[in-house]
Amino acid sequence: MRVVAASLHLVRLDLVHEFQTSSHRKGHLDHVLVRLEDESGAVGWGEIASPAAPYYNAENVDTCWTVAAGYLLPAVLGATWDHPAQVPALWRRVRGNEFAKAGVDMAAWTLWSGAAGVPLATALGGTRTEVVAGVSLGIEPTVDELLAQVAVHVGHGYPRVKLKIAPGWDVEPVRAVRAAWPDLDVHVDANGVYTESDDDLAALRALDGYGLTMIEQPFAPRDLLAHARFAASVGTPVCLDESVETLADLALAVHLQAGRVLNIKVSRMGGLTAAVAAHDAAQAAGWPVWCGGMHEFGVGRYANVALSALPGFTLPSDVSGSDKYYARDVVVPPVVARAGRVTVPTEPGLGAQVDDEWLAGTTLRSERFTAG
Ligand code: OSB
Ligand code: MG
């Protein structure tokens, strides 16, 4: 396969409900869609789902654009490859910048699977026909508003709810949700903002008494030792998200027992190729995995559904329907969750079409690149 043209599209979608994490609040998202075209005219789309600000990891939308336009696309344009798993080697000199890489890697997978006539999930090694979806709920102004959000999503049939926590918003909301839903699959995600101070550890330890499925990323991304100390002191499984960007990070985390569950994000790992490798490594280590999200638009969302079809994804993934976040998604049909399950597409490639008309109206900036 040989990619002869590519384009980047900075697209803005409004969120139907503002989302607050431990670091910031957002009402709309700007993601960069990547379009690759081969010499026969076949097209593949990918998504760079970087947050606008460097609060989740070091990247932001501008760095992603710069790295994709200046380094990744030039490495791919004109190169010949047989399988998308060979594509990341084309930019092996580029360090880090996993979100930018993920968008181009994803486009190569959708291009290849579409041209080969196989569903993306099958191409990745997926075996499930449907995947179980959980929802991620942001920090709300009040506990009552959080309970209302949980009620809406449980009412829609989602079997698992993840609650964002931060110091000062942890034991109280968890206690309230648990009191109202004693049997619900609930977990919490701190996005790395706790420390090993007495107050923070007391709050985290108190969470151990609420039957949570896991406590995700309590400490700073690079602080695997803090995770290992905490994991040894609580019964609730610790899950890693930000700490694991590479397979070496995962191997070290397993070695240190810094957790026992892995959130695999296509964006954070640098693409589908790396996400599949992380799945395989986690399975070998006996860590169950689930697919995390970055509020992806439909392109990245369908890729997450396809990845979640792999056998090691035994926990509900953050692959909620498009409607949880966007009134109108960039793909047709949008991702639909029914009773907390999303059907894995059986059409070749991504399994949905990018809505060119809607894209034209929501694109803030685009640029085209050609080989040679
Ligand atoms: O840690 O999972 C996270 C969104 C932005 C930054 C970090 C995270 C999230 C989510 C999104 O929880 C979940 C989703 O896409 O459904
Ligand atoms: Mg997380």
Side-chain angles (χ1 to χ4, degrees), residues 13 15-31 47-61 64 98-99 102 131-140 146 149 152-153 156 158-166 186-194 212-221 227 237-245 253 259 261-269 275 289-305 307-308 315-326 329 334-337 340 342:
L13 292 185
L15 285 166
V16 294
H17 183 79
E18 284 197 347
F19 194 93
Q20 177 158 350
T21 66
S22 51
S23 63
H24 60 307
R25 187 166 190 84
K26 45 199 176 185
H28 66 258
L29 289 141
D30 295 344
H31 288 177
E47 178 172 341
I48 299 175
S50 176
Y55 302 152
Y56 170 79
N57 73 345
E59 295 175 84
N60 67 40
V61 178
C64 287
E98 311 300 349
F99 277 68
V131 300
V132 180
V135 287
S136 172
L137 301 181
I139 294 171
E140 292 290 334
L146 176 68
Q149 282 298 309
V152 165
H153 292 95
H156 287 160
Y158 288 105
R160 181 275 267 163
V161 166
K162 144 169 148 180
L163 309 175
K164 292 287 180 181
I165 57 165
V186 180
H187 89 249
V188 294
D189 183 6
N191 287 109
V193 289
Y194 286 79
L212 300 173
T213 316
M214 61 188 111
I215 298 176
E216 181 178 347
Q217 196 68 43
F219 307 109
H227 287 90
V238 169
C239 169
L240 297 179
D241 175 356
E242 285 92 330
S243 287
V244 177
E245 295 188 340
V261 178
L262 180 65
N263 167 344
I264 296 183
K265 284 186 182 167
V266 177
S267 297
R268 191 194 71 230
M269 300 295 307
V289 305
W290 55 284
C291 177
M294 290 302 299
H295 296 151
E296 282 83 357
F297 299 171
V299 173
R301 194 162 288 277
Y302 270 105
N304 289 343
V305 171
L307 181 69
S308 302
L315 296 165
S317 292
D318 276 345
V319 290
S320 39
S322 298
D323 64 338
K324 178 181 184 285
Y325 293 117
Y326 308 108
D329 205 340
V335 174
V336 178
V342 177

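One-based numbering, in listed order, for ligands and for the atoms of each.
- Of the listed residues (Lys26, Lys162, Met294), the one carrying the non-hydrogen atom nearest atom 2 (O) of ligand 1 is Lys162.
- Between Tyr56 and ligand 1, a contact under 3.5 Å exists for no N or O pair.
- Looking at Leu13 and Leu29, their side chains never come closer than 4.5 Å, going by heavy atoms from C-beta outward.
- Atom numbering of ligand 1 starts at 1 in the shown order; those under 4.0 Å from a heavy atom of Lys164 are 1 (O), 2 (O), 3 (C), 7 (C), 8 (C), 9 (C), 10 (C), 12 (O).
- Annotation: atom 10 (C) of ligand 1 to nearest protein heavy atom, Gly293 O, 3.6 Å.
- Smallest separation of non-hydrogen atoms from Pro316 and Trp290: O-CB, 3.4 Å.
- When hydrogens are left out, the protein atom nearest atom 16 (O) of ligand 1 is Tyr325 OH, 2.8 Å; that is the closest non-hydrogen contact.
- Checked against a 3.5 angstrom limit, the closest N/O atoms of Lys265 and ligand 1 fall inside it.
- When each atom of ligand 1 is checked for a heavy atom of Asp241 under 4.0 Å away, the hits are 1 (O), 2 (O), 3 (C).
- Contact of the Met214 side chain with the Leu315 side chain is registered, since non-hydrogen atoms from C-beta on lie closer than 4.5 Å.
- A heavy-atom distance below 4.5 Å is found between the side chains of Gln217 and His227.
- With a 4.5 Å cut-off on side-chain heavy atoms, Pro159 and Val132 count as touching.
- Taking the side chain as every heavy atom from C-beta outward, Val335 and Val319 never approach each other to under 4.5 Å.
- Taking all heavy atoms of Glu296, Lys324, His295 into account, the minimum distance to atom 4 (C) of ligand 1 is reached by His295.
- Of the candidates Gln149, Glu18, Gln20, Gln149 is the only one forming a side-chain contact (heavy atoms from CB on, under 4.5 Å) with Glu140.
- Val244 and Met269 get closest at one heavy-atom pair: O-SD, 3.4 Å.
- Judged by distance alone, with hydrogens and angles left aside, the side-chain atoms of Arg268 form a donor-acceptor pair with the main-chain N or O of Asn263 at under 3.5 Å.
- Considering backbone and side-chain N/O atoms, Ser136 comes within less than 3.5 Å of an N/O atom of ligand 1.
- Nearest residue to atom 1 (O) of ligand 1 from Asn57, Val319, Asn191 is Asn191 (criterion: closest heavy atom).
- We find that Arg160 and Asp318 are joined by a salt bridge, their nearest charged nitrogen and carboxylate oxygen being less than 4.0 Å apart.
- Counting heavy atoms from C-beta outward, Val131 and Ser317 have side chains that stay 4.5 Å or more apart.
- Excluding waters, the set of protein N, O or S atoms lying under 2.8 Å from the Mg ion (ligand 2) comprises Asp189 OD2, Glu216 OE2, Asp241 OD2.
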